[in-house]
**Student:** 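Structure in structure tokens, see below.
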Amino acid sequence: KQEESLRPPRLADYIGQKELKEVLTIAIQAAKNRGEPLDHLLLYGPPGLGKTTMSLILAAEMEVSCKITTAPALERPRDIVGLLMSMKQGDILFIDEIHRLSRMAEELLYPAMEDFRVDITIGKGQSAKTRSFSLLPFTLVGATTRIGSLTSPLRDRFGIIHRLRFYEPEELSQIVLRTAEILKTPITDEGAAEIARRARGTPRIANRLLKRVRDYSQVKASGEITQQIATDALTLFNVDPLGLDWTDRLILKSMIENFNGGPVGLETIASATGEDSQTIEEVYEPYLMQIGLMQRTHRGRTVTPAAWKHLGYD
Ligand code: ADE
């Protein structure tokens, strides 16, 4: 699949997240020297910043395989037991949205993470018996957009906990240039920079915008992505100069017009905009706060003067 080949295959190809790469480079080398699997790793932060990609890279660097799943797919105990028992020595198990694990799945994970053991209850009531099965040592990589929703016993079982941060425009530019090369799309440095500026600090968005701009340039222009082409295309697609899309602007506008800029509660913003409150909190808010258009106070969210100005209010 195209998406797969866009992912950087090795740590050396991964642009940005310098600190995380340093931490992991040391962990990888130490684990390899000892002939042990990596410590369990918890990655958190907004979506699209490369949590899954990093897990696949770790597997490549450790020369093991990576099984990818998401917490809602592990609802029944046998789902997770089956997965754990199929892991080979040192393999990586990637669980996305790990804050959504069921209680039972979570309790199966504790001994698995700590002692590489699963405890299974067979039968019911009086005749119920617990049997333990040993697992081969493995590495759990958990990913979440909401570290605060993790229970502390689960969080405490990770040896490395790291937050992914938004990417700098220069880092996103490099990512856009790299992806354009893989897609065999001609692009100027300025064209890449324009896409990067509007990608909300997020590689997944940068690559998505690049594909839309590529379509535009092939249909409406010569095919090469220049700054002008990128600007024209992104304007047409309603991505503004700060990278805000229709929903970002709706959230800010609604806070300004209905609540005079706040403070206003999350649920109130959600009903006023018809957007899901969790999506606002995990997808929209983090970037609006990062670029200083929104603030969180103990009384609710407020928009900043910069947001009024950006949307053309006094
Ligand atoms: N493509 C998506 N994210 C990337 C990253 N962090 N480095 C290189 N290429 C990428």
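Only a predicted model underlies this, so the values are computations on that prediction, with no experimental measurement involved. Both ligands and their constituent atoms are indexed starting at 1 by order of listing.
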**Student:** Please report the closest heavy-atom contact between A230 and V213, naming both atoms and the distance.
**Tutor:**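 Nearest pair, atom of A230 first, then V213: CA-CG1, 3.9 Å.
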
**Student:** Under 4.5 Å between any side-chain heavy atoms of T247 and E275, yes or no?
**Tutor:** yes

**Student:** Can you sort out which atoms of ligand 1 are near Y167, meaning under 4.0 Å from one of its heavy atoms?
**Tutor:**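 That gives atoms 6 (N) of ligand 1.
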
**Student:** State the atoms of ligand 1, each with its element, that fall below the 4.0 Å cut-off from a heavy-atom position in R178.
**Tutor:** 9 (N)

**Student:** Relative to Y110, does R157 satisfy both conditions: NZ or CZ under 6.0 angstrom from the six-membered ring centre, and within 45 degrees of the ring's axis?
**Tutor:**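 Cation-pi check for R157 and Y110: passes.
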
**Student:** Write out the residue and atom name of the closest protein heavy atom to atom 3 (N) of ligand 1, then the distance separating them to 0.1 Å.
**Tutor:**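 Residue, atom and distance for the closest contact: P203 CB, 3.4 Å.
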
**Student:** With heavy atoms only and a cut-off of under 4.0 Å, state how D13 meets ligand 1: side chain, backbone, both or neither.
**Tutor:** backbone

**Student:** Which residue and non-hydrogen atom of the protein lie closest to atom 10 (C) of ligand 1, and at what distance in Å?
**Tutor:** P8 CD, 3.5 Å

**Student:** For a quick test of reading the model, state the closest non-hydrogen atom pair linking P47 to E282 and the distance between them.
**Tutor:** CD-O, 3.5 Å

**Student:** Taking K32 first and then E63, would you say they form a salt bridge - that is, a charged N and a carboxylate O separated by under 4.0 Å?
**Tutor:** yes

**Student:** With backbone taken as N, CA, C and O and side chain as the heavy atoms from C-beta onward, which portion of I15 lies under 4.0 Å from ligand 1: side chain, backbone, both, or neither?
**Tutor:** both

**Student:** Heavy atoms only, cut-off 4.0 Å: how does R204 contact ligand 1, side chain, backbone, both, or neither?
**Tutor:**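 No part of R204 comes within reach of ligand 1.
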
**Student:** Looking at atom 4 (C) of ligand 1, what's its closest protein heavy atom, distance included?
**Tutor:** I175 CD1, 3.7 Å

**Student:** Does a salt bridge link R296 with E285, judged by any charged N lying under 4.0 Å from a carboxylate O?
**Tutor:**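 The answer is yes: the pair qualifies as a salt bridge.
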
